[in-house]
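To keep things clear, I will list the structure first and then write my remarks on it.
Please read these numbers as outputs of a predicted model, since none were measured by experiment. Below, each value reflects all heavy atoms present in this structure, side chains not excepted, and no hydrogens, waters or symmetry copies. Reminder, nothing fancy here: chain letters follow the sequence lines and each chain counts from 1.
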Number of protein chains: 2
Amino acid sequence: MIANAPRRQPLYVQIKQFLIRRVAEGEWLEHDPLPSEWDLAAEMSVSQGTVRKALSELVVDGLLYRQQGKGTFVAPVISDWGNGLLQSPGVFDEVPSRLSCEFLAISRMNASDDMAVALQLRRHAPMFRVRQLWRGQGRPVALDEAYLPAERFDGLEARWFRSGSGVYATLQQRFSVRVLRCQEQYRAVMLPRDDAGLLGLSGAALEEPVLSLLRLSFSAVGERVEWRQRYCLSSDLALLRQDGRCRHRAW
Amino acid sequence: MIANAPRRQPLYVQIKQFLIRRVAEGEWLEHDPLPSEWDLAAEMSVSQGTVRKALSELVVDGLLYRQQGKGTFVAPVISDWGNGLLQSPGVFDEVPSRLSCEFLAISRMNASDDMAVALQLRRHAPMFRVRQLWRGQGRPVALDEAYLPAERFDGLEARWFRSGSGVYATLQQRFSVRVLRCQEQYRAVMLPRDDAGLLGLSGAALEEPVLSLLRLSFSAVGERVEWRQRYCLSSDLALLRQDGRCRHRAW
DNA sequence: AAGTGGTCTAGACCACCAT
DNA sequence: TGGTGGTCTAGACCACTTG
């Protein structure tokens with residue numbers, strides 16, 4: 001394909017990186033078809049089987065999807081909500097309720113120590129803070145604070161979010177950064193009083209525990225791009241997650 | 001391979017099912033080597049590439065692991081704790097602390113409505129309840145209640161757990177049932193008073209919120225085999241999860 | 001009918017591990 | 001040195017979609 005010299009990486013990995021870069025740079029947009037396996041193979045002077053292996057892994061990674069007989073397409077950017085579903089506790093087969101996301105405000109601040117370590121920034125590095133409110137059937141269910149490194153995402157503007165685009169969609173669109181993978185921490189806490197109002201809590205409801213979610217987001221090339229804190233009302237709701245293994249339908 | 005007649009499933013899927021059955025039945029134990037790709041291919045009269053595809057997917061599914069130059073081996077049963085790690089909140093690269101699991105008791109009861117629906121049992125179906133206490137550095141951190149269908153796991157004995165075996169290890173060993181996949185729900189709740197004592201909570205600590213985890217476990221053949229409820233102290237601890245996508249190290 | 005992805009085969013060579 | 005898994009190729013055929 002490209003590097004015939006001391007080849008450190010297998011061909012199909014080089015192809016993956018090549019395709020990741022082209023998707024990130026916007027050569028193909030969401031739901032656009034990629035060239036066929038044979039065209040890509042000819043273009044890169046490798047066999048169709050090698051292209052196939054690269055494409056298959058990019059499907060598992062969440063960058064592409066394929067449809068037999070039709071083609072290979074760029075997958076949509078993941079939602080700011082993430083892969084977890086909001087459901088009634090104890091019920092596993094419920095259709096999750098639709099959530100809407102309302103942009104609140106953007107501000108500047110400095111990274112906390114944990115934030116700086118997780119994002120591999122220096123102490124007190126400048127950050128953007130993007131606040132969003134999630135509603136289900138009109139009622140507030142979660143409050144998000146997404147923190148982005150200000151130097152990495154220089155020039156970020158609030159109006160990009162007012163149009164309803166989420167953080168991940170904006171990073172893809174404006175900075176060619178695609179979030180593919182996250183680490184999340186879950187905790188049960190009491191909601192800080194300052195945030196209670198935004199979630200519509202007052203009086204006795206302040207005594208209600210909330211689910212605290214901490215998220216570290218990685219781009220398609222492994223860069224750490226976002227730290228997010230979410231407070232999620234969960235007495236009468238539960239966050240559903242699938243085990244990571246066994247994503248293929250095996251039989 | 002086997003079925004030449006109206007072939008509904010691809011060959012490699014049939015091979016997967018065949019191998020899953022042989023592993024479940026105990027033909028090979030944990031860390032035992034399977035025959036080589038070529039031997040399996042000859043045995044089943046298929047090509048080595050087809051066997052490879054089946055084996056690769058079983059690695060992703062968590063049933064096998066492979067080591068270049070050495071062979072393909074049966075993966076150990078997953079831990080009762082699950083794939084989540086217990087860490088300090090805000091810290092993502094921390095080495096998780098070791099957890100020990102203490103068996104408390106086993107009892108019989110009837111399925112709750114949610115339980116019966118999730119496990120696809122009839123209402124009030126008889127169940128075993130297995131209680132376990134998790135400790136980290138000696139201090140209680142989580143309380144587990146695992147519910148198993150009594151009719152499916154007839155003859156289950158408490159002494160199987162006293163030896164320190166977890167629920168999943170026991171299911172594999174005694175019933176040839178291998179748990180590979182779970183769905184989990186997270187919620188923040190106040191700990192029921194009855195359980196507070198077991199977690200060493202009293203007085204003001206009773207006002208502490210706990211992380212409630214609800215888990216539905218699936219066997220390798222897709223059977224719903226366990227419902228589990230966990231109360232997890234999480235003010236000074238957080239449960240870490242990886243996003244399901246991108247488990248391969250891509251570069 | 002033409003084009004796409006999905007399966008299956010056969011063979012070559014490489015990288016790693018054991019002996 | 002021989003055995004293992006890992007990569008890569010070339011070609012065949014099937015299943016599905018679109019025109």
Side-chain angles (χ1 to χ4, degrees), chain A residues 1-19 28 31-75 247-251, chain B residues 1-19 28 31-75 247-251:
Chain A
M1 169 197 177
I2 309 168
N4 273 344
R7 198 218 299 162
R8 303 238 147 273
Q9 299 281 19
L11 267 181
Y12 77 91
V13 174
Q14 296 180 43
I15 295 173
K16 282 184 68 171
Q17 296 168 325
F18 186 51
L19 292 174
W28 308 292
H31 303 297
D32 278 356
L34 268 64
S36 76
E37 292 180 349
W38 286 102
D39 288 349
L40 286 171
E43 182 188 334
M44 305 192 240
S45 305
V46 298
S47 80
Q48 171 263 358
T50 303
V51 171
R52 163 166 279 273
K53 172 141 187 170
L55 293 176
S56 300
E57 289 210 353
L58 289 174
V59 168
V60 174
D61 295 347
L63 187 69
L64 305 177
Y65 65 95
R66 319 191 74 176
Q67 290 180 18
Q68 177 166 157
K70 299 183 71 173
T72 304
F73 307 87
V74 177
R247 329 221 102 221
H248 317 167
R249 180 93 30 243
W251 48 84
Chain B
M1 170 194 178
I2 308 167
N4 272 346
R7 199 217 297 161
R8 301 239 150 272
Q9 298 282 20
L11 267 181
Y12 77 92
V13 174
Q14 297 180 43
I15 296 173
K16 282 184 67 172
Q17 295 169 326
F18 187 51
L19 292 174
W28 307 292
H31 303 296
D32 278 356
L34 268 65
S36 74
E37 293 180 350
W38 286 103
D39 288 350
L40 286 171
E43 181 188 335
M44 305 192 241
S45 304
V46 299
S47 80
Q48 170 264 357
T50 302
V51 171
R52 164 166 280 273
K53 173 141 188 172
L55 293 176
S56 301
E57 289 209 354
L58 289 174
V59 168
V60 174
D61 295 346
L63 187 70
L64 305 176
Y65 66 94
R66 318 191 77 177
Q67 289 180 19
Q68 176 166 156
K70 300 182 69 173
T72 304
F73 307 87
V74 177
R247 350 212 91 225
H248 318 163
R249 180 90 30 242
W251 47 87

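Distance CZ (Phe73(B)) to P (dT4(D)): 11 Å, rounded to an integer number of Å. The CG-C1' distance, from Leu58(A) to dG5(C), rounds to 15 Å in whole Å. Across the protein-nucleic acid pair, Met44(B) atom CE and dC8(C) atom P stand 13 Å apart, rounded to whole Å. One atom, CD of Glu57(A), and another, P of dG6(C), lie 15 Å apart when rounded to the nearest Å. Rounded to a whole Å, the CZ atom of Arg66(B) is 15 Å from the P atom of dC17(C). Rounded to whole Å, atom P of dC13(D) lies 14 Å from atom CH2 of Trp38(A). One interatomic measurement links the two molecules: OH of Tyr65(A) to P of dT4(C), which rounds to 16 Å at whole-angstrom precision. Atom C1' of nucleotide dT9(D) and atom CD of Glu37(A) are separated by 14 Å, given to the nearest angstrom.
Note that OH of Tyr12(A) and CD of Glu57(A) are 5.0 Å apart. Values are rounded to the nearest 0.5 Å. Residue Leu63(B) holds its CG atom at 8.5 Å from CG of Leu19(B), rounded to the nearest 0.5 Å. For the atom pair Leu55(B) CG and Thr50(B) OG1, the distance stands at 11.0 Å (nearest 0.5 Å). With rounding to the nearest 0.5 Å, the separation of OG in Ser47(B) from NZ in Lys53(B) is 11.5 Å. Taking OG1 from Thr72(A) and CD from Glu37(A), the interatomic distance works out to 6.0 Å, rounded to the nearest 0.5 Å.
Residue Lys53(B) has no polar side-chain atom (N or O) positioned under 4.0 Å from OP1 or OP2 of dC8(C). Of the side-chain N and O atoms in Thr72(A), one or more sit less than 4.0 angstrom from OP1 or OP2 of dG5(C). Side-chain nitrogen and oxygen atoms of Tyr12(A) include at least one within less than 4.0 Å of the OP1 or OP2 phosphate oxygen of dT7(D). Phosphate contact (OP1/OP2 of dG5(D), side-chain N/O of Arg52(B), threshold under 4.0 Å): absent. Contact annotation: Thr50(B) does not reach the phosphate of dT7(C) (side-chain N/O to OP1 or OP2, under 4.0 Å).
For Phe73(B), the ring pair (Phe, Tyr, Trp, His ring centres under 6.0 Å) partners two or more places apart in sequence, or in a different chain, are Tyr65(B).
In summary, the side chains of Gln9(B) and Gln14(B) do not present any donor paired with an acceptor at a separation below 3.5 Å, with no hydrogens or angles considered.
Residue Gln48(B) is classed as having no contact, given no heavy-atom separation below 4.0 Å to the nucleic acid.
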_Strictly under 4.0 angstrom, non-hydrogen atoms only: write out the protein contact profile of nucleotides 14-19 of chain D, one letter per nucleotide from the 5' end, B, S or -._
-BBSS-
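Listed nucleotides: dT7(D), dT4(D), dA10(D). Nearest to the side chain of Ser47(A): dA10(D).
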